[in-house]
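Just so you know, these numbers use all the heavy atoms, side chains as well, and skip hydrogens, waters and symmetry mates.
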Amino acid sequence: MNLLASASQRLFAGLVILGMLSIMNVIHAEPAEADAALEAFFRNYLDESFRLRPLDATRLGDHRFDDRVDDVSAAARQRWLEHQRQMLAELPREIDYRQLSRNSQIDYEMLRQELTRGIWLAENTHPFEEDPRVYGDTVNDSTYSLLLQSTLPRETNVANCLARLPQLPTVLDEARRALKHPPRVVVETAIRQNRGAIAYYDHDLAALAGDSPRRDELQKAARPVVEALRRHQQFLEDELLPQATGDWRLSTEKFSRKLELVLDAGLSADEVLAGAEAEKARVRAEMFTVASRLWPRYFPQTSPPADDERGRAETIARVLAEIGHEHGDPAALVDDARATVDRIRRFITERDVLRLPEPDRCRIIEMPAFRRGNSLAYLDAALPLDPQGTSFYAISPPPADWGPQQVRSFLEEYNRHMLVVLTIHEAYPGHYVQLEYSNRNPSLIRRVLQSGVFIEGWAVYCEQMMLDAGYGADDPALRLSQLKFYLRTVVNAILDHRMHCDGITDDEAFALLTEEAFQSAGEARLKIIRAKQSSVQLSTYFVGRMAMRRLRDEIEREQGTSFNLGRFHEAVLAHGSVPVKYLGELVRRRLNEPR
């Protein structure tokens, strides 16, 4: 399946054409002309956005602005907002929705939603005044993304890093001017991450440059950045932390509106919460069934607890505790993840789960220190506008400053069974595979504007789907681990809502996670921190997975014995990372075409 090369060719050819197209006078255009005009309008929007925010261009894989750093001053941020308002007003004037093909109508709606969402977030949330992590992300990603993900020649990337390095201290200067009374929890995380940034610029930056002849020059140019980061560390610890009295809760009204805008799934916050509560009860009942099968394996001489609510919870918890002991060494987490990949890939191919992207461009790495915080793993996918780059599945070992008890709890949470589930989620056939498909979509809008609900929903859907398809030879310990991982997804949505809307305390949140979702104490504490530092994102996993599963059930019933799993999955992935509300229409259309 040599789609990647053709997608890249279409992209670069398309950009040349788009640069020559007019975005005016398309009221009476034919669909092909109207579609081209929409893409030209979007290209125009991106060009100006990238000039205003060069790091966004780098992160997406457009390397025209790789020598520049974002101006994050208040005046510059106001220009970002004015640009979005201007484009939202011009969109219906410049593009006649009625003249577009159906695919481009969906693209139009996605762009309109993106602009509406961006304006609302700028007007109703204030990360540059309340979250020091945004400045750290700018400083770190300005060079890390270039050296790790850009496919330009290495010396070009090194030269762009050298151009950006002198500009980075100004970002930290702006942070000290703008930050006022942020929530304490985000400052504490920023302090930890800034220590990692100091180590990165002091040691790792030059190492990423490899044997470049300008490596010594790069290291020398990084010294002022290291000094600026050290001054910033002192500011964070001595000045900002004592002032960190801000409220991290978003409020019910803002949470509800943000959820509707970000999820774009046709669901209200109350509907998401109700669905999660119902699903939690169902999953716990299934977990008890599986745990009961495992009880004799782990407790051959002991009768199980009583078959009541309390006894069922005890059965699940005790079996999960025994499964947790089946873990590897903390230093071997990355190697253990690598060892699962070949088995999973072979299974996907043999069972025709879907066609895997070729060539494989996924590397498994240890998570950089400045990226560590509250997650064990993430995927840095190949960039949508630089799609032949490498994707990185990053895994974080236990933090070096943790004691033995914290490390043991961490390893028990991410035991060898759970690591399999995590690898399915992050890499095969989860995020890596899905985003490789997404990067090949012919629509520029769909390559750039990606739905987090689709992305996370697909990855969570894959966890159960792979086991249902036979992976793991029906090992009930793996199944129970998968159900626990999924229960965490369900409870994340509940936690998200309750922490920002219902005012639950840390103790109540901890009880929800440990007693009702069977999470370890260490994992629960990290999740509470994450919920305080974000809003709505924790709900994307549950909403997306339910949409995927619901569509799968509908299509299977409609097609009966003609249903083909691999063909269905490829139909889901064929349209980019679109909002899930479009999936039914798009998948059914694709299934009427040859595979």
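- Both tests hold for R318 against F299: distance to the six-membered ring centre under 6.0 Å, angle to the ring axis within 45°.
- Between D66 and R164, some side-chain heavy-atom pair lies under the 4.5 Å cut-off.
- Residues Q167 and S142 have side chains not in contact (no heavy-atom distance under 4.5 Å, counting atoms from C-beta outward).
- Between the side chains of Y428 and D360, at least one donor N or O lies within less than 3.5 Å of an accepting N or O.
- Checked against ring-ring contact (aromatic ring centres under 6.0 Å, His included), Y414 has the following partners two or more places apart in sequence or in another chain: F410.
- Closest of all the heavy-atom pairs between T58 and S145 is CG2-OG, 3.9 Å.
- Under the 3.5 Å distance criterion, with hydrogens and angles disregarded, a donor-acceptor pair is assigned to the side chains of S577 and Q434.
- Heavy-atom minimum distance, I455 versus H431: O-CE1, 3.3 Å.
- Between I365 and V334 there is no side-chain heavy-atom pair separated by less than 4.5 Å.
- Defined by atom type and a distance below 3.5 Å, a donor-acceptor pair is present between the side-chain atoms of T423 and Y393.
- The OG atom of S391 sits 5.5 Å away from the CG atom of L379 when rounded to the nearest 0.5 Å.
- H425 and E463 share a donor-acceptor pair across their side chains, judged by distance under 3.5 Å alone.
- A distance of 5.5 Å separates CD of Q450 from CG of L435, quoted to the nearest 0.5 Å.
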Exercise. Do R345 and D342 pass the salt bridge (charged side-chain N to carboxylate O under 4.0 Å, His left out) test, and can you show the C-alpha distance, the side-chain angles, and the key distance before you say yes or no?
Worked result: CA-CA 5 Å; R345 282 176 49 85; D342 286 343; 5.1 Å; no
For this session: Begin with the C-alpha distance, continue with both residues' side-chain angles, and end with the deciding distance and a verdict on side-chain contact (heavy atoms from CB on, under 4.5 Å) for F128 and E174.
Result: CA-CA 9 Å; F128 287 90; E174 182 58 34; over 6 Å; no
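- Under the side-chain hydrogen bond (donor to acceptor under 3.5 Å, both in side chains) criterion, R351 pairs with no residue, sequence neighbours left out.
- Using modelled atom types and a 3.5 Å distance limit, the side chains of E237 and Q233 yield a donor-acceptor pair.
- Cation-pi geometry between R549 and Y461 is not met: the NZ or CZ atom fails to fall both under 6.0 Å from the ring centre and inside 45° of the normal.
- D386 and H63 share a side-chain donor-acceptor pair at under 3.5 Å.
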For this session: Apply ring pair (Phe, Tyr, Trp, His ring centres under 6.0 Å) to Y378 and F392, showing your working.
Result: CA-CA 8 Å; Y378 63 75; F392 296 91; 9.5 Å; no
Do any side-chain atoms of residues 472-479 form donor-acceptor pairs under 3.5 angstrom with protein atoms, and if so which ones, sequence neighbours left out?
unit_1, atom_1, unit_2, atom_2, d
D475, OD1, A477, N, 3.0
R479, NH1, D468, OD1, 3.0
R479, NH1, Q482, OE1, 3.3
R479, NH2, D468, OD1, 2.8

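- Nearest heavy atom pair, residue L240 against residue P182, reads CD1-CD, 3.6 Å.
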For this session: Show the numbers, then the answer: is there a side-chain contact (heavy atoms from CB on, under 4.5 Å) between F485 and S481?
Result: CA-CA 6 Å; F485 205 58; S481 297; over 6 Å; no
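- Using a distance-only test at 3.5 Å, with no hydrogens or angles considered, no donor-acceptor pair links the side chain of S534 to the main chain of Q537.
- Within the 4.5 Å cutoff, the side chain of L165 has heavy atoms near those of the L205 side chain.
- Under 4.0 Å is where a charged nitrogen must lie from a carboxylate oxygen, and between R488 and E523 at least one such pair does.
- Taking the side-chain hydrogen bond (donor to acceptor under 3.5 Å, both in side chains) definition, one finds that R498 meets it with E277, sequence neighbours left out.
- For S539, the side-chain hydrogen bond (donor to acceptor under 3.5 Å, both in side chains) partners are D496, not counting sequence neighbours.
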Problem set entry | From CA spacing to verdict: ring pair (Phe, Tyr, Trp, His ring centres under 6.0 Å), H500, W248 | CA-CA 8 Å; H500 288 280; W248 51 264; 5.6 Å; yes
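- A pairwise comparison of heavy atoms in A524 and L513 identifies O-CD1, 3.5 Å as the closest pair.
- Between G389 and T151 the shortest heavy-atom distance is CA-CG2, 3.4 Å.
- A donor-acceptor pair shorter than 3.5 Å cannot be found between the side chains of Q219 and H203.
- Taking 4.5 Å as the limit, some side-chain heavy atom of M465 sits within range of a side-chain heavy atom of H569.
- By the 4.5 Å heavy-atom criterion applied to side chains, K280 and I494 are counted as neighbours.
- Taken from CD in E456 to CG in N492, the straight-line distance is 10.5 Å, to the nearest 0.5 Å.
- Inspection of the R215 and S212 side chains reveals no N or O donor paired with an N or O acceptor under 3.5 Å.
- Residues F454 and L573 have side chains in contact (heavy-atom distance under 4.5 Å, counting atoms from C-beta outward).
- Taking a 6.0 Å sphere around CD of Q234, one finds it holds 12 or fewer heavy atoms contributed by other residues, nucleotides or ligands.
- Here CG of L236 is found 9.5 Å from CZ of R195. Values are rounded to the nearest 0.5 Å.
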For this session: Go through M466 and I344 one step at a time and tell me if the side-chain contact (heavy atoms from CB on, under 4.5 Å) criterion holds.
Result: CA-CA 9 Å; M466 284 288 286; I344 292 174; 3.8 Å; yes
Exercise. Do Y432 and E426 pass the side-chain contact (heavy atoms from CB on, under 4.5 Å) test, and can you show the C-alpha distance, the side-chain angles, and the key distance before you say yes or no?
Worked result: CA-CA 6 Å; Y432 166 66; E426 296 291 346; over 6 Å; no
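- With hydrogens and angles disregarded, no donor-acceptor distance shorter than 3.5 Å links the side chain of N194 to the backbone of A197.
- Sorted by first and then second residue, the salt bridge (charged side-chain N to carboxylate O under 4.0 Å, His left out) pairs involving residues 153-163 (not counting sequence neighbours) are R154-D211.
- For the pair Y201/T143, a side-chain contact is recorded, criterion being any heavy-atom separation below 4.5 Å from C-beta on.
- There is a side-chain donor-acceptor pair under 3.5 Å between T189 and Q533.
- With salt bridges taken as basic N to acidic carboxylate O contacts below 4.0 Å, none links D336 and R416.
- Atoms NE2 and CD, from H232 and E227 in turn, are 15.5 Å apart once rounded to the nearest 0.5 Å.
- Distance check, rounded to the nearest 0.5 Å: CD1 of I191 to CG of L241 gives 4.5 Å.
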For this session: Tell me, with the steps shown, if H327 and E412 meet side chain to side chain donor-acceptor pair (under 3.5 Å).
Result: CA-CA 6 Å; H327 62 73; E412 288 173 354; 5.1 Å; no
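- Considering every non-hydrogen atom in both V490 and A276, the closest pair reads CG1-O, 3.2 Å.
- No hydrogens or angles considered: nothing links the side chains of Y144 and Q149 as a donor-acceptor pair under 3.5 Å.
- Using a 4.0 Å cut-off between charged nitrogen and carboxylate oxygen, R230 and D202 count as a salt-bridge pair.
- With salt bridges taken as basic N to acidic carboxylate O contacts below 4.0 Å, none links R192 and E188.
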